[in-house]
Amino acid sequence: MQTVDRGAAASKARLLFVVTCFLWFSVYVYSPILSPYSESIGASYTQVGMILSSYGFVQMVCRIPIGVLSDALRRRKVFIVAGMFFGMASAAGLFFAHTPELLLFFRGMSGLAASTWAIYMTMYNSLFSAERRAGSMGKISSAMLIGQV
């Protein structure tokens with residue numbers, strides 16, 4: 001594990017806090033209107049259910065493999081950047097999607113973005129000393145909730 005001076009670690013922690021807020025914002029900003037929008041463009045109730053559940057399904061399939069790969073490669077920043085990319089691409093794609101199939105694809109992509117969440121927590125936690133790690137988990141969890149709200 002590399003040594004990081006306290007000022008640099010604090011700066012990285014602040015940046016990662018803000019990035020975490022944006023990740024969850026990109027994944028949840030459209031959630032309240034996704035179901036009625038899906039119906040308005042002609043999705044059947046079955047398709048609406050598939051669109052909404054694709055987020056969780058992709059997480060169920062991808063979260064553990066992504067975490068294992070991140071641990072094996074020891075390159076967490078790459079996964080955080082990829083998570084941000086998938087979150088932004090998903091939100092932009094949903095903005096322009098006008099078919100149920102595209103909604104399904106881009107909502108699934110948001111599940112891929114959310115699958116990187118454990119890596120955000122791991123990286124954030126590594127920026128703190130052992131005695132401050134419990135508090136750091138509360139802080140990064142609050143960043144998630146701020147982004148969702």
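- Pairs of residues two or more places apart, or lying in two chains, never qualify as side chain to side chain donor-acceptor pair (under 3.5 Å) while including a residue from residues 85-96.
- Other residues sharing the hydrophobic cluster of Val61, ordered by chain and number and joined by side-chain separations under 4.5 Å: Phe57, Met60.
- When the side chain to side chain donor-acceptor pair (under 3.5 Å) test is applied to Ser70, the partners found at least two apart in sequence or on another chain are Arg76.
- Contact record, Phe79 with Arg75: CD1-O, 3.2 Å, taken as the closest heavy-atom pair.
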Show every donor-acceptor pair shorter than 3.5 Å between a side-chain atom in residues 117-124 and any protein atom, with sequence neighbours excluded, or say none if there are none.
unit_1	atom_1	unit_2	atom_2	d
Tyr120	OH	Ile80	O	3.2
Thr122	OG1	Ala118	O	2.8

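- The structure places CZ of Arg133 at 7.0 Å from OG of Ser126, a figure rounded to the nearest 0.5 Å.
- Between the side chain of Gln47 and the backbone N or O of Ser44 there is at least one donor-acceptor pair closer than 3.5 Å.
- For the residue pair Gly111 and Gln59, the shortest heavy atom distance occurs at O-CG, 3.3 Å.
- The OH atom of Tyr55 lies 12.0 Å from the CG atom of Leu34; values are rounded to the nearest 0.5 Å.
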Taking only distance into account, with no hydrogens and no angle test, what donor-acceptor pairs under 3.5 Å do side-chain atoms of residues 18-26 form with protein atoms, sequence neighbours excluded?
unit_1	atom_1	unit_2	atom_2	d
Thr20	OG1	Leu16	O	2.7
Ser26	OG	Leu23	O	2.7

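- Clustering of Ile, Leu, Val, Met, Phe, Trp and Tyr by side-chain heavy atoms under 4.5 Å joins Met88 with none of the others.
- By the side chain to side chain contact (heavy atoms under 4.5 Å, CB included) test, Ile64 is found to be paired with Val68, residues two or more places apart in sequence or in another chain being considered.
- For Ser53, the side chain to side chain contact (heavy atoms under 4.5 Å, CB included) criterion is met by no residue, not counting sequence neighbours.
- Contact annotation: the side chain of Tyr30 approaches that of Arg107 to within less than 4.5 Å [non-hydrogen atoms, C-beta and beyond].
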Step by step, work out the side chain to side chain contact (heavy atoms under 4.5 Å, CB included) result for Ile140 and Asn125. CA-CA 8 Å; Ile140 197 67; Asn125 197 28; over 6 Å; no
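- Hydrophobic cluster membership differs between Ile33 and Leu94, with clusters built from Ile, Leu, Val, Met, Phe, Trp and Tyr side chains linked at under 4.5 angstrom.
- Shortest non-hydrogen contact noted between Val27 and Ser110 is CG2-O, 4.0 Å.
- Between Thr116 and Ala113 the shortest heavy-atom distance is OG1-O, 2.6 Å.
- Partners of Leu112 by side chain to side chain contact (heavy atoms under 4.5 Å, CB included), not counting sequence neighbours, listed by chain and number: Val58, Cys62, Ile66, Phe86.
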Without placing hydrogens or testing angles, list every side-chain donor-acceptor pair under 3.5 Å for residues 141-149, not counting sequence neighbours.
unit_1	atom_1	unit_2	atom_2	d
Ser141	OG	Met137	O	2.8
Ser142	OG	Lys139	O	2.6

Considering only distance and modelled atom types, tabulate donor-acceptor pairs under 3.5 Å from the side chains of residues 98-106, sequence neighbours left out.
unit_1	atom_1	unit_2	atom_2	d
His98	ND1	Tyr37	OH	3.1
His98	NE2	Phe96	O	3.3
Thr99	OG1	Leu102	N	3.2

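- When the side chains of ILVMFWY residues are joined at heavy-atom separations under 4.5 Å, either directly or via intervening members, Tyr45 and Ile51 end up in two distinct hydrophobic clusters.
- Residues meeting the side chain to side chain donor-acceptor pair (under 3.5 Å) test with Ser40, sequence neighbours left out: none.
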